[in-house]
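One structure is given below, encoded as structure tokens.
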Amino acid sequence: MNRLRQLLLAGALCLASATAAPPVHADQGMTGWSVGVLANAKARIESLGADLGKAPAEAGKAFAATRVSLMSGAGVRGFTYFMILLFVGIAVEWLYWTYAYSPLRAVQAATSATPLQALRLGLRRLLLLGSGLLLFTAATIGASAAFAWPPGMQELVIAATLLLFMLRLSWVVVSIILAPGRPQLRLVPVEPGRLRWLAATAIAALSLLALGQFLPAILEGAAGAIHVAGALRFAAYSAATLILLVGSFAFFGRPPSRRGSALARVPLFPRSFVLALLVAAVYIAWLMSGRAPAIAAIVAVVIALQLGLREMIYFYWRDESDSDAGLGALPAIALSLARFVVVLAGIGAAALALDTPLTALAESVSPWVRIGLRLLGVAVLALLAHGVWIAVRSVVDQRLARIGPADPHHAPDASSRLLTLLPLLRVTTAVLLLVMLVLSSLWALGIEITPLLAGAGVLGIALGFGAQALVRDVIAGIFYLADDAFRVGEYIEGGGNTKGTVERITLRSVALRHHNGPLHFVPYGALGSVRNTSRDWVIDKFNLPLPIDADSEKIRKMIKNIGEEMKDDPVLGPHMMEPLKGKLYRVDPGVKIFRCKFRSPPGKQFDIRASALKRIEAALKKMGLQFADGRQTVLLQARAES
Amino acid sequence: MHAQTVLRNARLASGLVLMAFVAGHLSNLTLGMHSLAAMESWRPVLMGPWRSGIGLSLLVGAALAHMSLGLYAIGTRRSLAMSRTDVVQLILGLLTPPLLLNHAVVMHMAGEVSPGFDSTFGQMLAVYWSFSPRYAFQQICVVMVVWAHAAVGLYSWLVLKPVWRRIGGLVLPVLFAIPILALLGFAEAGKEVLDKLAGEPAWRARIIDNLTKVTQVTGKLDALQAWILLAYGVLVLAAFGIFAWRALRDRLIPVQVAYDGGLSAQARRGLSILEISRLNDIPHAHVCSGRARCGTCRVRVESGAARLSPMIEAERKTLARVAAGANDRLACQARVLGGSVEVTRLLPAFADASAARSPEDWSANVAPSPARQGTA
């Protein structure tokens, strides 16, 4: 944890120190600062001039010295060991390729229909080629530990191996991105005519940069030729800059020509010019060795990348967006990640440009540096939280969009549980992320959160007494949801005379729409036992009062027939889980009461009952019967005594 | 047997002879890890046979044959469409004679030009480690170059054979162990020689005495070397010149090849179908890089079979081994002599050496014949 914090601080410091003035001139304001930068640049350029001036003489001397030191037993021994290392490295890589070559060929022969597939194939190729490269480097450097080297030789050999690694790596990366000769694997849209030139330019520039990085180090280590090393570095970087400048105009200057629409074209963003400017800015910054311009150039590159990143990432998902309505979470996450990586790479580049060990930076005492550093730490945390939030939100939204809104006219099914839980999950995640972000931001800002948490504990006890009901509601809610007691769209009856269709579920309460319209907001704590009438099936029973002289058996058969009829009905039939049946239930004075029952899915029983009564009434009429009218027949017998 | 097959086998055989010699020599060097005396005592066993009349003539004959066959292969090459292995082999092969010349001349001529010179390991190592280290660098490079050339050649020949499945696991480590151990032996023996030079004045005096004998004839040896190098350079240039002339001669006469999957390519007359594929970036399997050995490049000729060069013995054998159909040809051997042809590649482009060792495993992958369009 502490390490992470240090890392964040150190990273932030690199950027912060760019904006902060060099410490020597910090107290003299803007003027002093500019003077300092200019003096730095002057000294730097003077030393470069000295390098260039003294290099030829020194080169001759160093060459002679190297010759003498190499043409001896020690030199031969070092060279022999180096050759052995090469053989070992090649042997290990060869062994690797005896297994890995078939997969590589398969990937290279594969075809990709969309840019995304090409990207996946490219990543697989990077894995295969990069593993071989890493194995070679690791084996060579590792085996170098086995020998007793002449003094200074091992460092030289390791530097040479690293140089080899960088050269091969730049080759691998360029061949994966541009894939010359394999148009189906190309990762970026490039005109085929320019491709080989572009690849050659990129490889040349990258190789020159690698040479400029490692070769001077080798020279300094082997012969102590500081001036030659400086001149060589200057030459390599200058050549690389020249190549990049020419390349940026050659490859980004003319947009792909579309014949016929040349007149109607809107003036384009001058990409080539901006690119060339960036390259030149970085080069000049390096030349002057001023920290501020170098950092400014890096910041500019990072911003330029951030602006273009969205387009770049979505390029790979472009073709699938036509077929699929939702792009899915992947591009959003990839974009977020890419932004993160670009910022981190920028910080790394800044650290390299500053040429200062990160640990030394972290111990800086300037308050501005510290504040900037911490703010950057917060920004990194926010970026992380944003990434997680994007991932959760887009997954939830996509799922919800696939389910669609709850349909009140249909019975809730399995997806309604998701419909209940997903929004809740989204809100919960947001709240959790926010709380964690706030807490960790405070921590990154250097504010001790332990007392805060302890204080929150005391306050929490006080609040807890007040918010007892709230807590009870939330906890009860969690259990209702875990028990799957109700879902959105179900009709429930709770304790305390609350009933209705579940419309909305929150952390604390459930909103019930009464069938007459009013909306109840019932806190979970007050919900009590829940009677859910929307689950699985219902049984409906109703009575038929008929005259006492009705034939019970006939009536039973009539009701059964109606039941069969309804089961065959195209509209009602599917809802009849058990057919309508009826039988004599009770005999009251003057009335025979028949009881009918059927089973149906929840919510369908009302329609079915109405239909059944209608059909029964019609059938009774046909039989010449009526419902019992409730009239009592009183028979009066007159005495015949007159 | 067709002349081309004879030449191919001769190149292979001479290469194997040379490799046997180099392996023996390097094994002898490996003994340096034990002691200088061990190197000397094993020398008659490991290198003696090559000193005898028969051995020497076999060795020299093989070296000359291998070199001239290599140059002949350059001269008869039709295009620069080579696999990466072939490029490596070509460069390493061309580098070998100039690098090795000095060593060979000193070892074999010095004894004849200046009687009394003994070319023991101790003598040579003293030269390399103390008196003129320049030659040591040359020798180390030669070990690298020659052995890499030999190992790549042996590997790409053996890997196509069914027997590779059994011996592959043994041969591959040995191929790498031999030069590594030899270089280690070289380094250890070098240490011993340096100690001896410092600690035994008598031995040192003998070495210096011996050395002065050689330096007396250095002029003669250098002149000899210069002549040999000049001749070699002329031969190499001639080979490349013949290649360039042949390539330029045919460049104006285009031919067309139509592939399955709607691909098509254009190239100059006389190139093989495989070379046309490679020059036009069309994925095409070729494990043995065009030596008619593996059979992975085979195609079914849909039309224009008459416009292809006739089949030679090696191609017929390989096609029979992989149980190919009646219309099938090896793309590396079938050269397009004019007009246009239409072919279907039969193996996926990612086919590897296992497709040559056990063609029956890959026959499931062979693309089925598409319905012919119109009348053929």
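The structure presented is a predicted model; accordingly, all values stated were derived computationally and were not measured. Proteins get letters first, then strands, A, B, ... in listed order; numbering begins at 1 in each. All values below come from the heavy atoms of this structure, side chains included, with hydrogens, waters and symmetry mates left out.
Look at Lys191(B) and Glu188(B) and you find a salt bridge, because one of the NZ, NE, NH1 or NH2 atoms lies within 4.0 Å of a carboxylate O, short of that distance.
Ring orientation note: the planes of Tyr101(A) and Trp97(A) are nearly perpendicular, at an angle over 60° on the 30°/60° scale. A perpendicular orientation is assigned to the rings of Trp94(A) and Phe176(B), their planes being inclined by more than 60° (bins at 30° and 60°).
Residue contact with chain A, scored on non-hydrogen atoms closer than 4.5 Å, involves the backbone of Tyr128(B) exclusively. Both the backbone and the side chain of Ile180(B) have a heavy atom closer than 4.5 Å to some heavy atom of chain A. Looking at Val107(A), there are no atoms closer than 4.5 Å to chain B (heavy atoms on both sides), in backbone or side chain. For a residue to count as touching a neighbouring chain, one of its non-hydrogen atoms must lie under 4.5 Å from one of that chain's; by this rule Phe186(B) touches chain A with the side chain only. Looking at Leu184(B), both its backbone and its side chain come within 4.5 Å of chain A, counting heavy atoms on both sides. In this structure, chain B has heavy atoms under 4.5 Å from both the backbone and the side chain of Ile90(A). Heavy atoms of Leu183(B) lying under 4.5 Å from chain A belong to its backbone as well as its side chain. If you measure heavy-atom distances from Phe147(A) to chain B, the contacts under 4.5 Å come from the side chain alone.
Highest contact tally toward chain A, considering only Ser130(B), Ala136(B), Pro179(B), Gly190(B), is held by Pro179(B) [criterion: heavy-atom pairs under 4.5 Å].
In terms of modelled atom types and a separation under 3.5 Å, the side chain of Asn280(B) and the main chain of Ala265(B) share no donor-acceptor contact.
The two residues Val299(B) and Ala331(B) make their nearest non-hydrogen contact at CG1-CB, 4.1 Å.
Between Phe136(A) and Leu86(A), the closest side-chain pair of non-hydrogen atoms falls below 4.5 Å.
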For Trp147(B) and Phe87(A), what are the C-alpha separation, side-chain angles and deciding distance, and is it a ring pair (Phe, Tyr, Trp, His ring centres under 6.0 Å)?
CA-CA 10 Å; Trp147(B) 192 259; Phe87(A) 265 115; 8.4 Å; no
